[in-house]
Each structure stands twice: as structure tokens, then as C-alpha cells.
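Since the structure comes first, as C-alpha cells, the remarks are kept for the end.
For the single chain, residues carry numbers from 1 onward in sequence order.
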Amino acid sequence: DELFRDLPSFDDTATDHPTLAFLFNLLSYLQPTVIVEAGTYQGHFSVPVARLLPECRVVTCDPVTNLMGGPPNFTFYREDFETMLQRFAPNSISFAFIDSGPPFATAEPGIRWRHWQACKPYMAPTGLMVCHDMVDAAAWEHGTDIAAECIQLPGGRGIGLWQKPA
């Protein structure tokens, strides 16, 4: 598929195809202006989204990954998500995908909760934040806290959706 050209092959830790298809359709419908991602890994979410929505600014970061390339509306930072968020004004992010530090493999147990909480002030009114791997949320630190705030969709590895009030 053209959206995934030049990206590494998928493995067991990458976001699954059905979840990506759902998110790509949702984003095509919403037409956000600014998208951020915590947990770039191999770019299977952020690079295709930047290709799909060329008018949208897509910014992602990962302190471990070193992702190069992408379309002109795509920016990658090799740093922690909270550091990256400081580049934005409060209430300016339309959509956030929190997929940092896979809960089963991270050196920082509460990293998703930290990123989830840090992102909230930057979300625009009615902005949407999505967390991945929610099917096993009870197995990772603060997973149930995120789940309590979300509408959960159980397909694939599950996602949780939270919308900032207007």
C-alpha cells in the first residue's frame, strides 16, 4: 500500500492493521489540523497519516527510535513526549495517539499514564485522544485509570477514546 511505502515490515509490537484502518478512517472524517503521537516505533501510524492528510501537521516522538524521512507535514523528534509537547500552545492539538512504551516491554511502568495526563492541557476543545493496547489495560500500570476515562473499543489490541469537553 502506498501509505506504508518505505516503512519497515510490521511485527508483533507494531500497531495492527485493523486498528490503523479504523484510525485512518476516523481521521479522514475528522480532518484534524494538528496530530501528535507518543511512541513512534517504526512510524506505521504517523507517516501514513501525514501522507493521508497533507494539510495536517503530524508530529511524533520517541526517545529510542530514530525515524528519518516522511512527507513535508511530518516532524519526528527523538525525545520524550512531554518535552515535545512544550513546542505546542495549550488547547492546540486536535488529535493525539498515545502508544508509548509498550506496556509489556517498557522500562518506565507508568509512561502511558504520564503521557496521557501531560497531553490533556494541550488538547483543543473537542480534541480526541486515543490510547492503544486497552484490551490488556488491567495488566499495566495506570491502564485502568486511562480505561476509566475512555470509551473503549475492543477490536485488535483495543483502543480507548477520550474527548476534551468543548
Side-chain angles (χ1 to χ4, degrees), residues 3-4 14-62 67 70-71 73-77 79-103 110-138 140-166:
L3 291 177
F4 296 100
T15 303
D16 55 284
H17 281 278
T19 297
L20 290 173
F22 172 80
L23 292 174
F24 295 168
N25 284 312
L26 178 64
L27 291 167
S28 293
Y29 175 78
L30 293 173
Q31 292 292 305
T33 55
V34 178
I35 295 173
V36 297
E37 177 189 31
T40 309
Y41 187 48
Q42 297 179 332
H44 292 126
F45 170 78
S46 53
V47 173
V49 164
R51 290 176 177 152
L52 182 67
L53 303 170
E55 301 301 315
C56 180
R57 181 179 175 206
V58 179
V59 185
T60 185
C61 69
D62 194 304
L67 187 65
N73 60 325
F74 171 82
T75 305
F76 170 78
Y77 294 105
E79 62 191 21
D80 184 69
F81 187 62
E82 286 185 76
T83 302
M84 185 192 80
L85 286 173
Q86 294 171 13
R87 301 169 191 274
F88 294 90
N91 302 310
S92 65
I93 296 170
S94 315
F95 186 91
F97 185 47
I98 309 298
D99 197 19
S100 47
I111 193 166
R112 284 203 187 172
W113 178 248
R114 181 169 62 84
H115 291 166
W116 181 263
Q117 292 298 96
C119 196
K120 286 181 180 178
Y122 294 94
M123 297 303 296
T126 72
L128 192 64
M129 193 160 46
V130 174
C131 187
H132 192 222
D133 298 311
M134 295 303 293
V135 166
D136 295 325
W140 45 278
E141 190 169 328
H142 294 290
T144 55
D145 294 323
I146 293 173
E149 297 182 2
C150 294
I151 294 170
Q152 294 186 58
L153 302 178
R157 295 196 320 253
I159 57 174
L161 292 87
W162 173 86
Q163 186 174 38
K164 186 170 183 173

Examine distances only and state if a side-chain atom of [X] and a backbone atom of [Y] form a donor-acceptor pair shorter than 3.5 Å.
X	Y	result
Q163	T126	yes
T40	C61	yes
D99	G39	no
S94	T33	yes

| Regarding T83 and D80, is there a side-chain donor-to-acceptor distance under 3.5 Å anywhere? |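 Distance-only check fails for T83 and D80.
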Distance-minimising heavy-atom pair for [X] and [Y]:
X	Y	value
F45	F24	O-CE2, 4.0 Å
A137	A147	CB-CB, 4.5 Å
G43	P48	O-CD, 3.1 Å
L53	N73	O-ND2, 3.0 Å
R112	W140	CB-CZ3, 3.8 Å
W162	E149	CD1-O, 3.3 Å

Look up atom [atom1] in [X] and atom [atom2] in [Y], then write down how far apart they are to the nearest 0.5 Å.
X	Y	atom1	atom2	result
Q31	L26	CD	CG	11.0 Å
W113	C131	CH2	SG	10.5 Å
I159	L153	CD1	CG	5.0 Å
T19	H44	OG1	NE2	13.5 Å

[X]: which of [options] passes side-chain contact (heavy atoms from CB on, under 4.5 Å):
X	options	answer
T60	Y77, F81, F74	F74
F95	V36, I35, V58	I35
I93	K164, M123, R57, M129	M123

| message | I need the single residue from Q117, R114, H115 that forms a side-chain hydrogen bond (donor to acceptor under 3.5 Å, both in side chains) with E82. Which is it? | response |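 Of Q117, R114, H115, side-chain hydrogen bond (donor to acceptor under 3.5 Å, both in side chains) with E82 is met by R114 alone.
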| Should the pair H132 and F97 be assigned to parallel (<30°), tilted (30 to 60°) or perpendicular (>60°) ring geometry? |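 Rings of H132 and F97: tilted, as their planes differ by 30° to 60°.
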| query | Under the side chain to side chain contact (heavy atoms under 4.5 Å, CB included) criterion, do R87 and E79 qualify, and how do the steps go? | reply | CA-CA 12 Å; R87 301 169 191 274; E79 62 191 21; 3.1 Å; yes
| task | Indicate yes or no: at least one non-hydrogen side-chain atom of I146 is less than 4.5 angstrom from one of I98. | result |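 No, too far: nothing below the 4.5 Å cut-off.
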| Between V34 and S92, is a side chain to side chain contact (heavy atoms under 4.5 Å, CB included) present by the stated rule, with each step listed? | CA-CA 7 Å; V34 178; S92 65; 5.8 Å; no
